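Input: a single structure, listed below in structure tokens.
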Amino acid sequence: MATSFRDLKAELLANPEVRAAYDETAPEYEIARAIIAARQRAGLSQVELAERMRTQQSFVARLEGGHTMPSTNTLKKVAAATGTRMHIEFEAA
């Protein structure tokens with residue numbers, strides 16, 4: 001029987017080294033998910049978002065891939081292009 005993604009993830013995250021690496025990249029992926037959600041709510045494709053931001057689709061794809069930490073200026077452009085408001089918040093760990 002195949003292992004579910006949820007079970008595999010739990011098993012991998014039980015390793016402290018894997019958990020540390022996962023936690024270190026969490027902010028990038030959280031931002032990527034927020035960008036994807038804002039784009040989808042606005043009914044835009046990556047190409048359309050890129051046009052509104054005056055950039056290339058490949059740049060939007062990199063933002064949504066979660067492998068880079070965008071600048072606040074880039075996040076402001078995403079917000080303007082999607083008709084949203086950027087909100088940054090710090091929470092207790």
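All of these numbers come straight from a predicted model, not from anything done at the bench.
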| field | Residue pair Gln46, Glu64: steps toward the side chain to side chain contact (heavy atoms under 4.5 Å, CB included) verdict | value | CA-CA 9 Å; Gln46 286 185 347; Glu64 292 185 358; 2.7 Å; yes
| Would Met53 and Val78 satisfy side chain to side chain contact (heavy atoms under 4.5 Å, CB included), going step by step from the backbone distance to the final call? | CA-CA 7 Å; Met53 292 175 64; Val78 170; 3.7 Å; yes
| request: Evaluate the criterion side chain to side chain contact (heavy atoms under 4.5 Å, CB included) for residue pair Ile35 and Leu75; output intermediate values, then yes/no. | output: CA-CA 8 Å; Ile35 292 170; Leu75 295 174; 4.1 Å; yes
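A side-chain donor-acceptor contact under 3.5 Å links Glu48 to the backbone of Ser45. Without hydrogens or angle criteria, Arg19 side chain to Leu13 main chain gives no donor-acceptor distance under 3.5 Å.
No single ILVMFWY cluster, assembled from side-chain heavy atoms under 4.5 Å apart, contains both Met86 and Ile36.
Looking at every heavy atom in both residues, Val47 comes nearest to Gln57 through CG2-CG, 3.8 Å.
Taking CG of Leu63 as the reference point, atom OG1 of Thr55 lies at 8.0 Å (rounded to 0.5 Å). Here OG of Ser71 is found 9.0 Å from NZ of Lys76. Values are rounded to the nearest 0.5 Å. The CD atom of Glu28 sits 4.0 Å away from atom CE of Met69, with the distance rounded to the nearest 0.5 Å. One distance of note links NZ of Lys77 with CG of Leu49; it measures 11.5 Å at 0.5 Å rounding. A distance of 8.5 Å separates CZ of Arg52 from OG1 of Thr82, quoted to the nearest 0.5 Å.
Looking only at side-chain heavy atoms (C-beta outward), His67 and Tyr29 come within less than 4.5 Å of each other. For the pair Thr74/Phe59, a side-chain contact is recorded, criterion being any heavy-atom separation below 4.5 Å from C-beta on.
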